[in-house]
Asks: 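This is the structure, below, for whatever I ask next.
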Amino acid sequence: MTDVRNTRQWRTVRDAVIARDGHCYINAGCEGGLSVDHIIPLSLGGSELDPDNLITMCMKHNRQKSNKVTGQLHDWINKDWLAWERTNN
């Protein structure tokens with residue numbers, strides 16, 4: 001089975017999600033590269049390519065999040081991103 005992250009379709013969806021999120025991390029206190037995370041992990045039945053199941057995070061917090069649902073991590077949410085999200089989406 002091909003890892004979806006190695007496909008052109010994934011790169012297109014990933015770029016769209018990063019643009020939708022204002023090229024900004026949802027997590028507070030982040031630096032470094034942007035990563036797109038599955039809100040509901042694939043291991044818990046989340047959709048691979050649905051933009052509604054994807055959100056921009058830093059790579060460090062994406063790795064730490066592992067297979068938790070993003071909504072369980074309220075302390076990581078960047079207040080600037082949340083304000084932007086509410087205004088723009």
Side-chain angles (χ1 to χ4, degrees):
M1 180 183 228
T2 302
D3 184 346
V4 70
R5 293 168 294 184
N6 293 326
T7 66
R8 179 174 293 166
Q9 187 178 10
W10 168 253
R11 289 187 297 275
T12 299
V13 171
R14 179 188 182 279
D15 291 346
V17 168
I18 290 171
R20 177 200 68 197
D21 292 347
H23 298 269
C24 181
Y25 306 112
I26 65 150
N27 7 18
C30 290
E31 297 178 2
L34 294 174
S35 174
V36 173
D37 179 64
H38 291 89
I39 296 167
I40 299 173
L42 301 178
S43 64
L44 297 177
S47 173
E48 283 184 312
L49 295 170
D50 180 358
D52 291 337
N53 189 43
L54 298 168
I55 200 155
T56 305
M57 296 181 84
C58 74
M59 287 187 257
K60 174 186 171 188
H61 282 124
N62 192 346
R63 284 189 305 271
Q64 288 177 344
K65 176 185 165 283
S66 185
N67 70 340
K68 296 175 187 75
V69 175
T70 300
Q72 297 169 335
L73 307 172
H74 296 293
D75 55 329
W76 286 9
I77 301 296
N78 178 332
K79 305 281 188 272
D80 294 333
W81 175 85
L82 189 57
W84 183 91
E85 173 70 12
R86 287 179 177 155
T87 302
N88 293 288
N89 291 312

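The figures here come from the full heavy-atom set of this structure, side chains too, leaving out hydrogens, waters and symmetry mates.
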Asks: Got a second to check how far Met57's CE is from Asp21's CG, nearest 0.5 Å?
Replies: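 One gets 11.0 Å once the value is rounded to the nearest 0.5 Å.
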Asks: Which value, rounded to the nearest 0.5 Å, describes the distance between Ile39 atom CD1 and Asn53 atom CG?
Replies: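 Here the interatomic distance stands at 5.5 Å.
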Asks: What are the two closest non-hydrogen atoms of Ile40 and Gly45, and how far apart are they?
Replies: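 Residues Ile40 and Gly45, closest heavy atoms: CG2-C, 4.5 Å.
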Asks: Do you know the tightest heavy-atom contact between Val36 and Arg14?
Replies: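 Reported closest heavy-atom pair: CG2-CG, 3.4 Å.
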Asks: Rounded to the nearest 0.5 Å, how far apart are CZ of Arg20 and CG of Asp15?
Replies: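 Nearest 0.5 Å value for the CZ-CG distance: 12.5 Å.
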Asks: Would a hydrophobic clustering, with Ile, Leu, Val, Met, Phe, Trp and Tyr connected at side-chain separations under 4.5 Å, put Leu42 with Trp10?
Replies: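 Different hydrophobic clusters.
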Asks: Do the side chains of His38 and Leu54 get nearer than 4.5 Å, heavy atoms only?
Replies: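 Side chain of Leu54 against side chain of His38, heavy atoms only: contact under 4.5 Å found.
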Asks: Of all heavy-atom pairs between Ser35 and Met59, which one has the smallest distance, and what is that distance?
Replies: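 So the minimum-distance heavy-atom pair works out to CB-CG, 3.7 Å.
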Asks: Rounded at 0.5 Å granularity, tell me how far OG1 in Thr56 sits from CG in Leu34.
Replies: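 Here the rounded value is 6.5 Å.
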